[in-house]
Q: 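Supplied in structure tokens, the structure appears directly below.
Below, chains carry the letters A, B, ... as their sequence lines are ordered, and counting in each starts from 1.
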Amino acid sequence: MSDLADLTIAEAGKQLRNGAITSLDLTNATLARAAITESHLHAYLTLNQDAARNDARAADKALAAGDDHGPLQGIPIALKDNMSTRGTETTAGSKILAGYVPPYDATVVERLRARQAVVLGKTNLDEYAMGSSTENSAYGPSRNPWDIDRVPGGSSGGSAAAVAVGSALGALGSDTGGSIRQPASLTGIVGVKPTYGLVSRYGLIAFASSLDQIGPFARTVDDAATLLEAIAGFDIRDATSYRGDAPDISGLLDVGVVGMRVGVVKELSGEGFDPQVADACSSMYDLLADAGAVVSEVSLPSTEYALSAYYLIAPAEASANLARFDGVRYGLRVDGDTTEEMMANTRAEGFGPEVTRRILLGTYALSAGYYEAFYGQAQKVRTLVRNDFAAAYELVDVLVSPTSPTTAFPIGERTADPLSMYYADVCTIASNLAGDPSGSIPIGLDDGGLPIGFQVMAPALHEAQLFRLAAEVERLASFNRRPSLATSEVRPA
Amino acid sequence: MPVEIDIAKVAQLARLALSEDELREYGAQLQDILEHAERVSALPTEGVSPTSHPLPMTNAFRPDEVRPSLNRDEVLAQAPAAEGKYFRVPRILGES
Amino acid sequence: MTDWEAVIGIETHVELQTRSKMFCGCEVNFGAEPNTMICPVCLALPGALPVPNEEAIEGILRIGAAFDCDLVEDSFFHRKNYFYPDLPKNYQISQYDVPICVDGHLDVDVDGEEDRIGITRVHMEEDTGKSVHGSETGRIHGADHSLLDFNRAGVPLVEIVSEPDIRSAEQARAYAAELQRVVRSLGVSDVRLEEGSVRFDANISVRPVGQEELGTRAEVKNMNSLRSLQRAVAYEIQRQIALIESGGTVVLETRHWDEGAGSTSGMRSKEESEDYRYFQEPDLVPLHVDDAWRERVFASLPELPAIRRRRFVAAGVDRQTASVLVEAGDLADLFDQAGELGADVKAVANWLTGDVVAYLRRNETTLADTHLAPAHLRELGEMVSAGDLSSTAAKDVLGRVLDGEGTPGAVAAAHDLIQISDEGALESEVSQVLADNPDVLDRLREGDMKPIGFLVGQVMKATRGKADPKLVSDLIRQMAQEG
Ligand SMILES: [Mg+2]
Ligand SMILES: [Zn+2]
């Protein structure tokens, strides 16, 4: 008999409605999985067991009364800890917010609650989502369920690890330069960064406002679409929220890829790319061609500059976004004789090294005399990147590449060298600069038994095309492996 | 071209009370990152207009309607220091 | 010794009176209990986002239009970065290189001297919270701590920056006063200096007359009345001249006006480096004002004070009087109403700004509380021009009308003030006076006209002042010739 914690959202939804299971069963199974795996993974910063069970009971009551709130009703979901949750500590993985209990819910949280999803708790992340390994959390790293000596990726590593191991059926993360897609890739699950503006950022603790976007983690493409449909749509509280009708997301999941023009990004291969990752992706290109897609190579010439531009733009925006953490209204305070000293002491003590580094970098890039050479220039490179995509989408419907140049790397391997850590985002960053949707789908394991992710990119608001290809990739890869931690120790031998 | 950084001034602008050692270390790391970023500044971009936003949108407004404010006690309960109805901070420079 | 010229530019901050704040739904309520008008947005809680108040944008466009600015088609919000405890985000959302209104002007009048002061820009931003020093004992110098109230944080703030076209303290005051009149006439703010809903900062420098380049300027803040603005500017001009003439140099700094001491003193600047690291606000999208919107705004403007003054002057009222009328809006309205009824506008203007203003002051009342109506002013004018009332009698009548005794006609009759201007009625009186003064009559006949005034006086006395003096002297001449 399989464990309820391993059900997909779709399957659980069926069983909840045919009476085979209750949301409380499902929630208990998920919490039981967490009880076993958390000591190894540290995916969660906060687990609200009682609140979750109460959510579950409420969902069961409603379902019993025939009051159907849709496919997320009664489904245990985890939230990255940079999303504001009323009454539940929200730290963004930072010491400076230790003990901060928000008085309001982020829009995505409201939307999940309105659909009676069960909120399990808050997952671990690199402090303020700055990182690619979740090692920058002030509360200790999360680990990869496929190999607990390796990172789960980041910054949404906790959400990814939880979904991969079964301590949540689905989760929300945020993606500023790859923070959903890269951990999804390293943990063998599906992760999607929607079109910028499709999901409200209200209540998401800002890293880089013009790049941040909330998106789903799930074990299947179908489940990811279900989660995205629940959170997408205009929100008056976010001035950058897309004002048109939410585009179709799951409408093309089953149509296949016959005649679909698929562009392989030339620049995202070769040097710096793990051969096993490259090979796995190449064979997927062939499988897609066999499935009827028109596969060709496409060039995004500005790609080599995208990473550098990103590491000027994101820190610049962050340097202002993180200015509010000053010890005056909430969070940590380290005293001083004057308010100026108090602020400087608080921030020096409260921010970790990576956050401090990026605040300094961003402050410098914006300061008098350097703005044009760095920030101003980076914004122009951003235009070049967008032009690249525009040109590419004249030729193809979607673009594909590896999600990450490597599989999960050992904990501690890159912490000493910021630049090598930054390189982990080389495949994912361009989509954030362009504001386009992009997702990662697991397509296999390397020799070391570590997952390999396949990235799919589509034009803004063309989520339907992204999910169409993603669904086909999922069928072709028929990747159904689960991390040992999710299986071995869970059931008695 | 080598990038010169007055790291102490940057730290002051960012309100970060860093030690000499920290300043030296961060200064060196910024050097590396910025020299990497030099490739960007070197790129010819005449006639290229900057993109500050991925969305081609304008005039996202809200109607002039009053919404309920937060409860003061709930808010002050989160403050590191409060006094009566106020947030409390140490002496502020530049005020008499 | 050199003659000095002052060069002054004024930065004005106006708080708009919208229902809700600039970027959140908190009520704009200045009387509220401390820290009760706060929410995740204006308190800068983690994750909160700003959304601009459409009414505030409408308001700033009206202000820009009133100053005849160009309403910029595409403008942007920027972040102005500096750490200060009354600024919750530690950056102010403002506008930088492309503000929403540019290139306007304001015509100001100093004793009938009208000058055009350029308005460089009008931009949208948000106000800060307030800090109270010390606690138990309120504001203490060098308090060991401060208390913060964020009710004002995020209130819509319009910054109006003038060109350095102002040349004197009087003109600075006139500019400020006219700016207040204009903004008030738009109904977007009550612009009260005392309550801080309008704040004026003056950038002041001096240079030898004739010199082209500007001297180093000082920015003077903290003037809470038009009078203190004028005093502060006058003081600072003299301070700088004295400083330079005694061999010193003016330093670029912010100076604080001390009303009590009547002097300015240097202030420590907020952000030592003043490096605000402006960049386009990524949480907001650009502002786009198309022709239709622009036209709607200009069409919605009321008649502005300057225009109204010009209209009155064109109607024959002198500048001074026109200014007094416009300054007190209700007098100008009554003036317009009387004018529509065809009243003699010159006479009406003089009565309103002279007798009526004096009457209101004397009785400590307002125009609305008197019984004066437009028709009364027309009737009074007609009686004077018809010769039924002498100008002195007219003033008497006007006072009684204000008291509510009735219409000018009724009042004049009741008090028997109607002037006798019918020859027949006067001839007997005149011949009687001549008969009583034969010797004087002889002198007239000999061509000595000096005593005629005496005779007129006699007739006026006989008629208790109701005779038309001109008519009387004419009659005397006639009858003297006839002899
Ligand atoms: Mg300002
Ligand atoms: Zn508010």
Q: Would A/R329 and B/Q78 satisfy side chain to side chain contact (heavy atoms under 4.5 Å, CB included), going step by step from the backbone distance to the final call?
A: CA-CA 7 Å; A/R329 284 146 290 119; B/Q78 292 293 317; over 6 Å; no
Q: Quick check on A/L361 against chain B: is it the side chain, the backbone, both or neither that has a heavy atom closer than 4.5 Å?
A: both
Q: Heavy-atom distance under 4.5 Å between the side chains of A/R382 and B/S52, does that happen here?
A: no
Q: Roughly how far, to the nearest 0.5 Å, is CD of A/Q379 from OG of B/S49?
A: 10.5 Å
Q: Give the intermediate values and the outcome of side chain to side chain contact (heavy atoms under 4.5 Å, CB included) for residues A/K380 and B/T51.
A: CA-CA 6 Å; A/K380 292 178 178 176; B/T51 295; over 6 Å; no
Q: Measure from the side-chain N and O atoms of A/T339 to the backbone N and O of B/P90, and report whether any donor-acceptor pair falls under 3.5 Å.
A: yes
Q: Side chain, backbone, both or neither: which part of B/L43 has a non-hydrogen atom closer than 4.5 Å to chain A?
A: both
Q: Which distance, rounded to the nearest 0.5 Å, do you find between the NE2 of B/H53 and the OG of A/S209?
A: 8.0 Å
Q: Report which part of A/A434 has an atom under 4.5 Å of a heavy atom belonging to chain B: side chain, backbone, both, or neither.
A: backbone
Q: Output the option from A/D238, A/V381, A/L384, A/D335 having the highest count of non-hydrogen pairs under 4.5 Å with chain B.
A: A/L384
Q: In terms of heavy-atom proximity below 4.5 Å to chain B, should A/E304 be classed as side chain, backbone, both, or neither?
A: both
Q: What distance do A/E340 atom CD and B/R91 atom CZ have between them, rounded to the nearest 0.5 Å?
A: 8.5 Å
Q: Looking at A/T240, A/V101, A/V328, which has the largest count of heavy-atom pairs under 4.5 Å with chain B?
A: A/V101
Q: Write down the atom of B/L13, the atom of A/S367, and the distance for their closest heavy-atom approach.
A: CD1-CB, 4.3 Å
Q: Report the C-alpha separation of A/Y370 and B/E4 in whole Å, then their side-chain angles, then the decisive distance to 0.1 Å, and conclude whether the side chain to side chain contact (heavy atoms under 4.5 Å, CB included) test is met.
A: CA-CA 10 Å; A/Y370 304 102; B/E4 91 285 359; 2.7 Å; yes
Q: Among B/I33, B/L23, B/I7, whose side chain to side chain contact (heavy atoms under 4.5 Å, CB included) with A/L360 holds?
A: B/I7
Q: Need one label for B/L30: side chain, backbone, both or neither, based on atoms under 4.5 Å from any heavy atom in chain A.
A: side chain
Q: Please classify the contact of A/Y422 with chain B as side chain, backbone, both or neither, using a heavy-atom distance under 4.5 Å.
A: side chain
Q: Highest number of heavy-atom pairs under 4.5 Å with chain A: which of B/L76, B/V75, B/L34?
A: B/L34
Q: I need the minimum non-hydrogen distance between A/R333 and B/R88, along with the two atoms involved.
A: NH2-O, 2.8 Å
Q: For a quick test of reading the model, state the closest non-hydrogen atom pair linking B/T45 to A/Q377 and the distance between them.
A: OG1-OE1, 3.0 Å
Q: Just how far is it from atom CZ of B/R15 to atom CE of A/M342, taken to the nearest 0.5 Å?
A: 10.5 Å
Q: Checking A/T346 against chain B: side chain, backbone, both or neither under 4.5 Å from a heavy atom?
A: neither
Q: Can a donor-acceptor pair be found, under 3.5 Å and without considering hydrogens, that links the side chain of A/T363 to the backbone of B/V10?
A: no
Q: Heavy-atom distance under 4.5 Å to chain B: side chain of A/Y375, backbone, both or neither?
A: neither
